[in-house]
Structures are given as C-alpha cells and as structure tokens.
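One-based numbering along the sequence shown. Everything numeric here is computed off the predicted structure, so don't read it as measured data.
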Amino acid sequence: MQEILQILQNLDWSPLYISLKTGAAAAVISFFLGTAAARCAMKASPLKKAVLDGMLTLPLVLPPTVAGFLLLLLFSRRRPFGMFLYENFGIKVVQSWLGCVLAAVVIAFPLMYRNARAAFEQVDENLIYAGRTLGMSETEIFFKVVMPTAGPGIVSGTILTFARALGEYGATSMLAGNIPGKTETVSQKIAMVMQDGDFVTAGVWTVIVGLIASGIVLLMNLVAGKKLKQVKRW
C-alpha cells in the first residue's frame, strides 16, 4: 500500500491529460462528422446507403494498427499529401498531438456514426410529416424535431466515442508515436511500463482508467435513460 501511495505521489499525470484532451477533441469532431454522415446515409438510396455504411464502418472492424499504417502512409512527410500539408500550411501530423486526435477520430468515428444513425431511425416519421404540414423547412425539421427526438441516442453515442478515443492505442502509436509529454497517452504509458517490468505502476494506471471508464459508462446509461431490467427466472 505504501508503495502504491508513493507511486501516486511521483506519478507523471501528463499521459492522462493528453488522453483526456485527445478524447474530448475526437468526440467533438466525431459528433459533427458522425451526425452529418448519419443524416446523409438516411437520405441515400438503399444501394448507396449500403456502400456508405460499409465505408464508414470499416475502421471499426479493421485492426487499429492497420488503420494507423494507412494514416501513416497518407500523412507522412515523405508522401505527397503529407508533404503538401507541411510545406503549404506547416501542418505536421506524424509524431504530433494532431496525429493523436486524427487517429482517435478515425477509430472512434464509426461508433458515433452508427449510434446517430440508429437514433435517427427510431424517430417517428409522423413527427416529420407533421412538421412538413406546418410548413417547416427540412433544416428546421432536422434541428427542431429530429435532433431533440434522437438526442439521448446521439449524446450516448458521443460519450461512447469519447471513451473509445480515450483508450485508443494501436493507430495512435503508429501515427503519433510515443513522445513523453506530447503524444504519450495512458494506453501507451501502460504498454511502456509493462515492457520495463513495472507491474505496480501499470496496475495503478489500469485502476485509474478503469474508474474513468466506469464513470463514462454510468453517465452514458443515465443520459440514455436506460433502466436495469430484472431477469426472469424460469
């Protein structure tokens, strides 16, 4: 116990700060992109919707290291696009905090998209027809009818997206690297101390992340209005 208290006193909290900052930025970006993509998917034809859904969900089923490798090929300063960003706008993605955010967005975005799409699909179409009858434009219907009705599902999706971005490791390590105080997230810190054989420090970080994750899940359930159901015994 004394060893754990000593570790907490000497603990470098920068990985947690970087993880929280990255998760928050990724959640905000994914919220807007995921909501817009879900709205486009809802309006698309069945064939276009199937293709779009497959493309947007792909990062969810790909190994994170594969997604990170593809991002590295795209944004490396040795590649045309990465070179263009750096030479014309001074934007450096590889081994930067921006790389952390980009990797987290790519991996966590499908969760936001699928939750937003599911929330939109549950909106009663009669409400939309009523809005049209009252002379509301499609934009007004979306913001005044669809979004408030689908709100709980979208908010819970945003919280889930934040949680996924908070724990991202594979793509982040490929694209942003592991630079202490700059791109070293909690997940990367745990992996590093495990390689050094420091299981106590790894355990402390695991408990911290576990508590945060539990709080996020609880918040998501409260927002979504989910209630525990008693399981009937036969």
Assess the pair F142 and F120: is the distance between their ring centroids shorter than 6.0 Å?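 Ring centroids of F142 and F120 are less than 6.0 Å from each other.
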
Without swapping roles, check the side chain of [X] against the backbone of [Y] for a donor-acceptor pair under 3.5 Å.
X: S96; Y: V93; value: yes
X: T35; Y: F32; value: no
X: S76; Y: L73; value: no
X: S30; Y: M112; value: no
X: Q122; Y: A119; value: no
X: T183; Y: G177; value: yes
X: Q195; Y: G197; value: no

Shortest non-hydrogen contact from [X] toward [Y]:
X: P59; Y: I107; result: O-CD1, 4.3 Å
X: C100; Y: T172; result: SG-CG2, 3.8 Å
X: A44; Y: K48; result: CB-CB, 4.0 Å
X: P15; Y: D12; result: CD-O, 3.1 Å
X: L166; Y: S187; result: O-OG, 4.4 Å
X: A165; Y: G23; result: CB-CA, 3.8 Å

At what distance, to the nearest 0.5 angstrom, does [atom1] of [X] lie from [atom2] of [Y]?
X: D124; Y: T149; atom1: CG; atom2: OG1; result: 8.5 Å
X: K49; Y: C40; atom1: NZ; atom2: SG; result: 12.5 Å
X: I159; Y: L111; atom1: CD1; atom2: CG; result: 13.0 Å
X: E168; Y: T185; atom1: CD; atom2: OG1; result: 8.0 Å
X: R79; Y: L74; atom1: CZ; atom2: CG; result: 10.0 Å
X: M83; Y: N88; atom1: CE; atom2: CG; result: 11.0 Å

In sequence, state the C-alpha distance, the side-chain angles, and the governing distance for L71 and M174, and then conclude on side-chain contact (heavy atoms from CB on, under 4.5 Å). CA-CA 8 Å; L71 289 173; M174 292 286 292; over 6 Å; no

Under 4.5 Å between any side-chain heavy atoms of [X] and [Y], yes or no?
X: T57; Y: Y113; value: yes
X: V28; Y: F31; value: no
X: M136; Y: V145; value: yes
X: F162; Y: L20; value: yes
X: R164; Y: L160; value: no
X: L70; Y: V106; value: no
X: T161; Y: N115; value: no
X: L98; Y: I91; value: yes

Given the rule that I, L, V, M, F, W and Y join up when any side-chain heavy atoms are under 4.5 Å apart, are [X] and [Y] in one cluster?
X: V94; Y: L102; result: yes
X: Y129; Y: I141; result: no
X: V155; Y: F109; result: no
X: L52; Y: V105; result: yes
X: M42; Y: I154; result: yes

Stepwise side-chain contact (heavy atoms from CB on, under 4.5 Å) check, I128 with R132: CA-CA 6 Å; I128 299 177; R132 291 171 180 169; 3.8 Å; yes

Is there a side-chain contact (heavy atoms from CB on, under 4.5 Å) between F69 and L62 once you walk through the steps? CA-CA 11 Å; F69 175 71; L62 280 178; over 6 Å; no

Run the side-chain contact (heavy atoms from CB on, under 4.5 Å) check on I29 and V101 step by step: do they pass? CA-CA 9 Å; I29 296 172; V101 176; 3.9 Å; yes

Any salt bridge between R117 and D53, counting N to O under 4.0 Å?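 Yes, charged N to carboxylate O under 4.0 Å.
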
Examine K189 relative to W205 and say whether NZ or CZ is less than 6.0 Å from the centre of the six-membered ring and inside a 45° cone about the ring axis.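 No.
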
Can you confirm whether more than 12 heavy atoms, excluding those of K144, are under 6.0 Å from its NZ atom?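 For K144, atom NZ is not crowded (no more than 12 foreign heavy atoms under 6.0 Å).
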
